[in-house]
Amino acid sequence: MTRNIALVGAGFIADAHIKALKRRKDVRIAYIVDVDRSKAQARADMLGGAQAFESVGALLSSHRPDAAHVMTPPSDHGATAKPFLREGIPVLLEKPMAPSTDECRELREAATQGRARLAVNHNFVHHPGFIRARRILAEGTVGPLRSVEVRYAMPLRQLTARQFGHWMFNNPRNLLLEQAVHPLSQIDMLLSGITEHQAVPIRSHDYRLTTPLYTEWSFQLTGSKAFAHLMIKLGARFPSWALALHCDDGVIDVDILENTVTIGRPYAEIPQLDFPRRNFSASVQHFRDGLAGVGAFAGEILRLTPPADGFSRSMQNAIDSFYDNENAEPAQRVENAMRLVGICEAAAHQTPEPTAPARTPTKPDSGAAYDVAVLGGTGFIGRHLVKQLRAQGVRVAVFARNAANLPTIYHGEGIGVFEGSITDEKAVGKVIRTAPKVINLAHGGGGARDEIASTMVNGALNAKRMAHETGVERLIHISSSAALYLGDPADTITSGTTPDPLPERRGDYARAKILTENALAKTDGPPTLILRPAIVVGDGGDPFHSALGAFENETHCSGWSQGKNPLPFVLVEDVAAAIIAALNVPLNDVAGHAFNLVGDIRWTARQYMLALRKATARPLQFHPTSTWRLFATESAKYAAKTIAGRKDNLSPSWRDLKSRGMAATFDTQTEKKVLNWRPCENEKEFHRKAIEINQAAP
């Protein structure tokens, strides 16, 4: 019998659940619930046949799912999961179980009352490499386990991008609950339950917030027959997640990221022969793992097997376990999940109390009036823009998707922060109504190709319609040089250059920018100026900019070209200065125009990477790549996906690959003249602001 499943929360992690559920023939995703009804509806439409709801109450008032997956922020786990549990509906709850042990107990009580099964998705205990290591332990080939050493040094995308609105940045406990529970869940299983624990915070950073973020920790953990040491480093440049299981008669080394397991054990040889034999055995095992990895990747591309990466397989295994086993794995049981929350709570108590009370942004008063409304004002460019506006005494209304944990520039008099989505016309109108001038920096997020374009276009049109309806004097839309075709070295790009006339032959982001500019040009509204920043670098930005090439990791950049042509760099504070200038010049000089924001320091990709290498003292390498090679690689991928029957397969575009190389020349004399704009022209100053300022360790 097919079971009807409800998914609550339509965010990023929902993709992984959907992919895993689609591989099962005994379940059907029947209901999607999200407070943002449009997101729920988009997911439901994508699945076909699913129904969308904006609350659990609305769902349960008319339907009874056979199980529910709860993927809301942890602070909402209780309110979201308890109605299902009290109705006797099984729940798979994303980790962590809850923000506190008290809330965990409430969830356990609700499950008991409703006689419902509750499982917490600590999916990495279902990682293939971890499962293999446990199997080896069970076989007894290396003797009893005595100790475990775990190294968890991982990048944190939100930390790099300074996106502190995420729930995990609210306090030290949340950051541990979001990240540390991954290795802790594995250790808890290996030790058959952690009985004693001690944590020491090692390093913190303030990031201009009111509460320091502790990114490095040391944990000492004890079980009934073994103990463990866990080292955590969040925001690491090089990812590393490894376990060493020390037993009486050998060592099991597990690399979670590479999905390899190596056994080190003695043979019946003298040491001079025993050690080489061990090394040979380890080499053979690594070779086998390598072949298996290549085979799994090929199977994934051809759609013969599930995704090859450890995360996807751990999610599949975890969800299969939930549906196939009435008695969930130990680390999914409520008691184990509660124990992990308690360990993180206790560790957070080791951090000093904040020196200043947490501050929230100023909430706009009813009828508040501002000089400028900035949509998307908390991003990379937005932070610098708001800082400069406030320094000039300009009253600013900021519109942001998330207003939590904003830096100090968003606090105090003269600024009001509105929360909402750029796709919500009502929310956009609320902030636009407060100011005579509007700057639209919002882009709306990611997703599939058409979803990116739809969100970006509709968000921009919402802003223009609301600006027209409320009588806004001036609208400035921030686009990107990606909207232009930049692949011909004979071309000179000026303010008169129009968007690429062939958007369907461009990549997802460029296509969305082109379609947005075209849509704005056809829509009635206030005088509108489009600004197109090029390669924006500076304080708070990621120095490993995707405009240089593909960074599979930070050490290696596979360029979009040979890396010898000058690139259109611009400092973020110069972009902010140009936007402010555009607010104040006479309307006749700017209305209906599109200006390109490119600075005067135009290094090549090779120059930039060399400067970054010297500043970081890291072995960074730029790999020159021809368009022919890029096209051949993309064509091979396209062929493999086509053979596999991939419906979402996008054919490679020579035009897009050429444009990524940015061989065209920019002439910004008009921009400088009309805006009275003077971007940085000193190479040493550019080096300091583009490269050096971002080299503080995370």
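The two residues Glu517 and Ala483 come nearest to each other via the heavy atoms OE2-CB, 3.5 Å. In terms of heavy atoms, Ile32 sits closest to Ile29 at CD1-CG2, 3.8 Å. Between Leu184 and Cys344, the closest heavy-atom pair is CD1-SG, 4.0 Å. Residues Phe311 and Phe124 come closest through the heavy atom pair CD1-CZ, 3.9 Å. In this structure, Ala98 and Leu107 approach most closely via the heavy-atom pair CB-CD1, 4.2 Å. The shortest heavy-atom contact between Val457 and Ala512 is CG2-O, 4.4 Å.
Checked by atom type and distance alone, the side chain of His127 pairs as donor or acceptor with a backbone atom of Ile256 at under 3.5 Å. The backbone N or O of Met97 sits less than 3.5 Å from a side-chain atom of His77, completing a donor-acceptor pair. A donor-acceptor pair under 3.5 Å is formed between the side chain of Lys464 and the backbone N or O of Thr523. No side-chain donor-acceptor contact under 3.5 Å links Thr455 to the backbone of Ile452. A donor-acceptor contact shorter than 3.5 Å links the side chain of Asn171 to the backbone of Asn174. Between the side chain of Asn458 and the main chain of Ser454, a donor-acceptor pair closer than 3.5 Å is present. At least one donor-acceptor pair closer than 3.5 Å links the side chain of Gln316 to the backbone N or O of Ala20. Between the side chain of Ser312 and the backbone N or O of Gly310, no donor-acceptor pair lies under 3.5 Å. Using modelled atom types, one side-chain atom of Thr351 and one backbone atom of Ala348 make a donor-acceptor pair closer than 3.5 Å. Of the possible donor and acceptor atoms, none in the side chain of Tyr410 sits under 3.5 Å from a partner among the backbone N and O of Val386.
Using a 4.5 Å heavy-atom threshold, the side chains of Val120 and Arg333 count as separate. Taking the side chain as every heavy atom from C-beta outward, Phe399 and Val428 approach each other to under 4.5 Å. A 4.5 Å side-chain heavy-atom check between Pro90 and Arg3 finds every atom pair outside the cut-off. When side chains are defined from C-beta on, Ile381 counts as touching Ile579, because their heavy atoms get closer than 4.5 Å. In this structure, Leu92 and Val70 have side chains that are not in contact, with every pair of non-hydrogen atoms separated by 4.5 Å or more. Counting only heavy atoms from C-beta outward, the side chains of Leu159 and Leu213 approach each other to under 4.5 Å. Two residues are said to be in side-chain contact when any heavy atoms from C-beta on lie closer than 4.5 Å; Met466 and Val472 fail this criterion. With contacts defined as side-chain heavy-atom distances shorter than 4.5 Å, the pair Ile319/Leu21 qualifies.
The CG atom of Leu60 sits 12.0 Å away from atom CZ of Arg86, with the distance rounded to the nearest 0.5 Å. The structure places OH of Tyr214 at 15.5 Å from CZ of Arg173, a figure rounded to the nearest 0.5 Å. Here the straight-line distance linking atom OG1 of Thr528 with atom CG of Asp524 works out to 10.0 Å at 0.5 Å rounding. Taking CG from Asp36 and OG1 from Thr423, the interatomic distance works out to 5.5 Å, rounded to the nearest 0.5 Å. For the atom pair CD of Glu425 and CD1 of Ile432, the computed distance is 9.5 Å after rounding to the nearest 0.5 Å. The SG atom of Cys104 sits 9.5 Å away from atom CG of Leu340, with the distance rounded to the nearest 0.5 Å.
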Run the side chain to side chain contact (heavy atoms under 4.5 Å, CB included) check on Phe12 and Met71 step by step: do they pass? CA-CA 9 Å; Phe12 163 76; Met71 300 164 289; over 6 Å; no
Decide yes or no on side-chain hydrogen bond (donor to acceptor under 3.5 Å, both in side chains) for Asp188 and Ser185, but give the supporting numbers first. CA-CA 5 Å; Asp188 190 65; Ser185 63; over 6 Å; no
Applying ring pair (Phe, Tyr, Trp, His ring centres under 6.0 Å), run through Phe130 and His182 and close with a yes or a no. CA-CA 12 Å; Phe130 186 72; His182 290 309; over 10 Å; no
Trace of the side chain to side chain contact (heavy atoms under 4.5 Å, CB included) decision for Asp309 with Asn259: CA-CA 8 Å; Asp309 64 285; Asn259 192 22; over 6 Å; no
Please lay out, stage by stage, how Arg24 and Asp26 fare under the test salt bridge (Lys or Arg N to Asp or Glu O under 4.0 Å). CA-CA 6 Å; Arg24 297 187 61 90; Asp26 60 343; 2.9 Å; yes
How far apart are the C-alpha atoms of Arg313 and Ile131, what are their side-chain angles, what is the distance that settles it, and do they pass the side chain to side chain contact (heavy atoms under 4.5 Å, CB included) test? CA-CA 11 Å; Arg313 296 212 169 178; Ile131 291 173; over 6 Å; no
Any chance you could lay out the salt bridge (Lys or Arg N to Asp or Glu O under 4.0 Å) test for Glu335 and Arg108, step after step, and finish with the verdict? CA-CA 9 Å; Glu335 293 78 7; Arg108 182 179 61 184; 5.0 Å; no
Applying side chain to side chain contact (heavy atoms under 4.5 Å, CB included), run through Tyr31 and Asn4 and close with a yes or a no. CA-CA 8 Å; Tyr31 316 107; Asn4 291 321; 4.2 Å; yes
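Defined by atom type and a distance below 3.5 Å, a donor-acceptor pair is missing between the side-chain atoms of Ser314 and Asn317. No hydrogens or angles considered: a donor-acceptor pair under 3.5 Å links the side chains of His63 and Gln51. Side chains of Thr80 and Asp76: no donor on one and acceptor on the other come within 3.5 Å.
Ring-centre distance between Phe544 and Phe551: below the 6.0 Å cut-off.
Salt bridge Arg43/Asp15: present, at least one basic N to carboxylate O contact under 4.0 Å. Between Asp508 and Lys513, no side-chain nitrogen of the basic residue sits less than 4.0 Å from a carboxylate oxygen of the acidic one, so the salt-bridge criterion is not met. Looking at Glu419 and Arg401, no side-chain N of the basic residue comes within less than 4.0 Å of a carboxylate O on the acidic one, giving no salt bridge.
Under the side-chain contact (heavy atoms from CB on, under 4.5 Å) rule, Leu375 has a single partner from Ile478, Leu475, Asn440, which is Asn440.
Under a cutoff of 6.0 Å and an axis angle of 45°, Arg117 and Phe322 form a cation-pi pair.
Applying the side-chain hydrogen bond (donor to acceptor under 3.5 Å, both in side chains) test to every pair with at least one member in residues 94-107, sequence neighbours left out, gives these pairs: His17-Glu94, Lys82-Glu106, Glu94-Asn121, Lys95-Glu178, Ser100-Glu103, Thr101-Glu345, Asp102-Arg105.
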